[in-house]
Amino acid sequence: MVYKDGDYLKALELSVNALKKCNTDNKFIDDFYWWCFLSYAVYCAHMLKNNRIMSKLISISKNGFESCDGHYASYCFCRFSHFMYLNGEYERATDYAEKAMKADSTSGEPHYLLGYYNLFINDMDPLNHFKEAVIKDPSLLNRIVNHPSIQNFPSIINDLRRLEIVDFNDGSNHSVE
């Protein structure tokens, strides 16, 4: 499969063709598949570091299914948010991170982005978003505490390391330390 082989240009082409075939008028294709194909295209554009393609995919997303719930929609919005941040469009970056959070309430990535933006753009306390990110996805703790810019804030890192995560499978609490 071209996607797994790292042929991102070919995988992007296949994803865009699939998007064209499952337009929003197609009664047999639901929004899940549409967002799935868009997320593959977004991933490829991200891997190719192609701003022109990413901009085009953002435009395509605006004409897609109105329903934008689920993991794939959230992933797209997180990548759009990151793209906007890198291009200095901070308000749009925040808006896309908030859309991602609404699309998938179980994802920690939007909270990570919003915590980062609060810390470096909005001059607001990022701790609640960082905590929520780690609670939803404990692997994000490593990403947060090892981020070179966030390491300049040891009190945030210490507070996050003291979090206890409830394991809903067995009802026990686990520290992330």
Item to check | Charged N-O contact under 4.0 Å between R162 and D159 | outcome: yes

Next on the checklist: Using side chain to side chain contact (heavy atoms under 4.5 Å, CB included), reason through L114 and T94 one step at a time and then give a plain yes or no.
Outcome noted: CA-CA 7 Å; L114 289 168; T94 300; 3.9 Å; yes

Next on the checklist: Are Y96 and F83, when compared by the centres of their aromatic rings, separated by less than 6.0 Å?
Outcome noted: no

Checklist entry - Can you tell me if S81 and Y117 form a side-chain donor-acceptor pair at under 3.5 Å? => result yes

Checklist entry - Is E132 reaching over with its side chain to a backbone N or O of G108, donor-acceptor style, under 3.5 angstrom? => result no

Next on the checklist: Run H46 and H82 through side chain to side chain contact (heavy atoms under 4.5 Å, CB included) and show every step you take.
Outcome noted: CA-CA 10 Å; H46 177 74; H82 186 252; 4.3 Å; yes

Next on the checklist: Take a 6.0 Å sphere around CG of D123 and say whether it holds more than 12 heavy atoms from other residues, nucleotides or ligands.
Outcome noted: no

Checklist entry - If every non-hydrogen atom of I53 is compared with every non-hydrogen atom of N50, which pair is closest and at what distance? => result N-OD1, 2.9 Å

Checklist entry - Is K136 reaching over with its side chain to a backbone N or O of S105, donor-acceptor style, under 3.5 angstrom? => result yes

Item to check | Separation between CZ of R79 and CD of E109, rounded to the nearest 0.5 Å | outcome: 5.0 Å

Next on the checklist: Distance check, rounded to the nearest 0.5 Å: N87 atom CG versus S55 atom OG?
Outcome noted: 7.0 Å

Next on the checklist: Contact between M54 and N51 at the side-chain level, heavy atoms closer than 4.5 Å - yes or no?
Outcome noted: no

Checklist entry - If you round to the nearest 0.5 Å, how far is CD of E98 from NE2 of H111? => result 10.5 Å

Next on the checklist: If I take atom CG from residue N17 and atom CZ from residue F37, how far apart are they, to the nearest 0.5 angstrom?
Outcome noted: 10.5 Å

Item to check | Non-hydrogen side-chain atoms of F77 and P110 separated by less than 4.5 Å | outcome: no

Next on the checklist: How about CD on E91, more than 12 heavy atoms from neighbouring residues, nucleotides or ligands closer than 6.0 Å, or not?
Outcome noted: no

Checklist entry - Looking at NZ of K49 and OH of Y8, how far apart are the two atoms once the value is rounded to the nearest 0.5 Å? => result 9.5 Å

Item to check | Side chains of Y75 and D104 in contact at under 4.5 Å (non-hydrogen atoms) | outcome: no

Item to check | Closest non-hydrogen atom pair between S139 and D137, with its separation | outcome: OG-OD1, 2.6 Å

Checklist entry - For M84 and I58, what are the C-alpha separation, side-chain angles and deciding distance, and is it a side chain to side chain contact (heavy atoms under 4.5 Å, CB included)? => result CA-CA 10 Å; M84 293 298 169; I58 289 170; 3.5 Å; yes

Next on the checklist: When you compare the side chain of K99 with that of F80, does any pair of heavy atoms fall below 4.5 Å?
Outcome noted: no

Checklist outcome for this item: Heavy-atom closest pair (S74 atom, A100 atom, distance to 0.1 Å) is OG-O, 3.0 Å

Item to check | Side-chain heavy atoms of L160 within contact of K131, under 4.5 Å | outcome: yes

Checklist entry - After noting the C-alpha distance and the side-chain angles of Y85 and L113, does the key distance pass the side chain to side chain contact (heavy atoms under 4.5 Å, CB included) rule? => result CA-CA 10 Å; Y85 174 81; L113 292 171; over 6 Å; no

Checklist entry - Does any non-hydrogen side-chain atom of I156 lie less than 4.5 Å from one of L119? => result yes

Next on the checklist: Using the rule that Ile, Leu, Val, Met, Phe, Trp and Tyr join whenever any side-chain heavy atoms are under 4.5 Å apart, tell me whether F120 and M124 fall into a single cluster.
Outcome noted: no

Next on the checklist: Within the 4.5 Å heavy-atom criterion, are F130 and D125 side-chain neighbours or not?
Outcome noted: no

Next on the checklist: Can you tell me how far apart CG (L48) and CG (L12) are? Round to the nearest 0.5 Å.
Outcome noted: 6.5 Å

Next on the checklist: Within the structure provided, determine whether I60 and W34 are in side-chain contact (heavy-atom separation under 4.5 Å).
Outcome noted: yes

